[in-house]
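We name chains A, B, ... by the order of the sequence lines, and we start the count at 1 in each one. Note that the structure is predicted; figures quoted are calculated from it, not measured.
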2 protein chains.
Amino acid sequence: MNSRFAVATHIMAYLAFAHEGNRPTNSESIAQKLGTNPVVVRRLIGSLRAADLVRTQLGAGGGASLTRCPDKISLLDILDAIEQPSDPDLFALGSIENDVCSHHIGSCIQSSLQDIFGAAEEAMKKELAGSTLADVLSQVSKISCPEQFAAAQSNLSATTSVG
Amino acid sequence: MNSRFAVATHIMAYLAFAHEGNRPTNSESIAQKLGTNPVVVRRLIGSLRAADLVRTQLGAGGGASLTRCPDKISLLDILDAIEQPSDPDLFALGSIENDVCSHHIGSCIQSSLQDIFGAAEEAMKKELAGSTLADVLSQVSKISCPEQFAAAQSNLSATTSVG
DNA sequence: TAATTACGTAACCGTATTGGTTACATATTA
DNA sequence: TAATATGTAACCAATACGGTTACGTAATTA
């Protein structure tokens, strides 16, 4: 899960950069910036699309774009989008949840731990819910490298316009 | 990571149950209760011992026992104990952290995301730091199944005394 | 002292997951 | 109609993990 989340957030950040220019961004250029494969990007974009965070457009000039403004998309939205049925829970008890352990004391411990793990997960999600893509962008522009940020923005819109 | 944490916490909970009776608990009996293999238990106990949460005793009548009272051991202590160098971080950027991506905008996004991910992780850890093994035990005894809890406690001390 | 117990650790295996890659059908644009 | 780009399946290699066996070593106990 962890790398998927980071990559997905990265993708969303790039799409947020390109959000002003109305042209979609293709998986090829995102993959190149991330140093990965276009199919990997498309797979994640597929999950993001299923969660209605991005829309995609087929055909020439196609690609992905955000469905709403970056300040309306939290990092929790992204996490929820890429969560898979195979990721039951960040703190899943996994193989412990079997019949062998379902004697009294075992199941009692389990339910107790699940409460605590659930609280920890909630705390994490609450934090992620408080950060939006817009926050990421403004942090980038303010703190890290303002002039490169401006240059990158114009580069990006140029890239997405040209192809 | 996630299963390791859950299993380790389970192990610690069992050791906490046995903490009053001064006899250590062997990996065999813990593994049996958890429906797993003694070696798996010993591996985790090895990490817990390295973090000075448990001590182990070799030889006949040996096993593991807590180094301090359950109310002095937080779930964060356990998480920290079993964190491995290969688990750099819950939100690690993984394969993104390569040279290809280290152009200006990419590295800016990364540092921004790392801040946010770090905050989320901190929130989670803070929650775990607030829960002790004693809390787990009392939750088990109070909420879930008081009479079984009492029975299990006496069973456990009997088990660890007899072998 | 000898036998038993139990840990510590290495080694190996099967499985699951993941990311990377190729390939191709489909849709959209020009 | 040609070019572009997505959607998706399929396959591969690498990694991680849990399970298991095996064995050396230490401590107890008879």
Side-chain angles (χ1 to χ4, degrees), chain A residues 1-8 10-11 23-32 34-50 54-65 82-88 92-98 100-101 159-160 162-163, chain B residues 1-8 10-11 15 23-32 34-50 54-65 82-88 92-98 100-101 159-163:
Chain A
M1 201 287 297
N2 62 28
S3 157
R4 278 216 314 284
F5 180 38
V7 175
H10 235 87
I11 291 172
R23 308 281 298 176
T25 310
N26 64 25
S27 63
E28 173 78 36
S29 69
I30 297 178
Q32 204 172 355
L34 262 57
T36 183
N37 193 285
V39 176
V40 174
V41 173
R42 275 181 246 159
R43 279 201 279 240
L44 284 168
I45 285 182
S47 300
L48 297 168
R49 187 185 55 243
V54 309
R55 80 174 67 84
T56 55
Q57 192 177 341
L58 294 177
S65 46
I82 64 157
E83 229 164 36
Q84 294 182 338
S86 54
D87 296 328
L93 275 65
S95 64
I96 293 186
E97 274 172 318
N98 55 25
V100 183
C101 188
T159 304
T160 52
V162 172
Chain B
M1 202 287 297
N2 61 27
S3 156
R4 277 216 314 284
F5 180 38
V7 175
H10 234 87
I11 291 172
L15 294 183
R23 306 282 298 176
T25 311
N26 65 25
S27 62
E28 173 78 36
S29 70
I30 297 178
Q32 204 172 355
L34 262 57
T36 183
N37 193 285
V39 176
V40 174
V41 173
R42 275 181 247 160
R43 278 201 279 240
L44 284 168
I45 284 181
S47 300
L48 297 168
R49 186 185 54 243
V54 309
R55 80 174 65 85
T56 56
Q57 192 177 340
L58 295 176
S65 46
I82 64 156
E83 230 164 37
Q84 293 182 340
S86 54
D87 296 327
L93 275 65
S95 63
I96 294 187
E97 274 173 316
N98 54 26
V100 184
C101 188
T159 304
T160 50
S161 302
V162 172

Return the value, rounded to whole Å, for the distance between atom [atom1] of [X] and atom [atom2] of [N].
| X | N | atom1 | atom2 | result |
| --- | --- | --- | --- | --- |
| A:Gln32 | D:dA5 | CD | P | 12 Å |
| B:Ile82 | D:dA16 | CD1 | P | 16 Å |
| B:Ile45 | C:dT9 | CD1 | C1' | 14 Å |
| A:Leu48 | D:dT6 | CG | C1' | 15 Å |
| B:Glu83 | D:dC17 | CD | P | 12 Å |
| A:Arg49 | C:dA27 | CZ | P | 14 Å |
| A:Glu28 | D:dT4 | CD | C1' | 11 Å |

Please report the closest heavy-atom contact between [X] and [Y], naming both atoms and the distance.
| X | Y | answer |
| --- | --- | --- |
| A:Gly62 | A:Asn26 | O-CB, 3.9 Å |
| B:Gly63 | B:Pro24 | C-CB, 3.5 Å |
| A:Ile45 | A:Ala64 | CD1-CB, 3.8 Å |
| B:Ala31 | B:Pro38 | CB-N, 3.4 Å |

Report summary line: B/S/- along nucleotides 20-30 of chain D (protein heavy atoms under 4.0 Å) is BBB---BBS--
Distances under 3.5 Å between nitrogen or oxygen atoms of protein and nucleotides 12-14 of chain D:
none

Query raised in the report: Given A:Val54, which of A:Leu44, A:Thr25, A:Ile11, A:Leu48 fulfils the side chain to side chain contact (heavy atoms under 4.5 Å, CB included) condition?
Result: A:Leu48
Report task. Would you indicate what A:Gly46 reaches in the nucleic acid, counting non-hydrogen atoms under 4.0 angstrom: base, sugar-phosphate, or nothing? Result -> nothing
Requested in this report: Output yes when at least one side-chain N/O atom of A:Ser27 is less than 4.0 Å from OP1 or OP2 of D:dA5, else no.
Outcome: no
Requested in this report: Would you please confirm or rule out a distance under 4.0 Å between OP1 or OP2 of D:dG7 and any side-chain N or O of A:Thr56?
Outcome: yes
Query - B:Ile30 and B:Leu15, any side-chain heavy atoms less than 4.5 Å apart - result: yes
Report summary line: CZ of B:Arg49 to CZ of B:Arg42, rounded to nearest 0.5 Å, is 11.5 Å
Requested in this report: Return yes if some donor-acceptor pair links the side-chain N/O of B:Arg4 with the main-chain N/O of B:Ile82 below 3.5 Å, else return no.
Outcome: yes
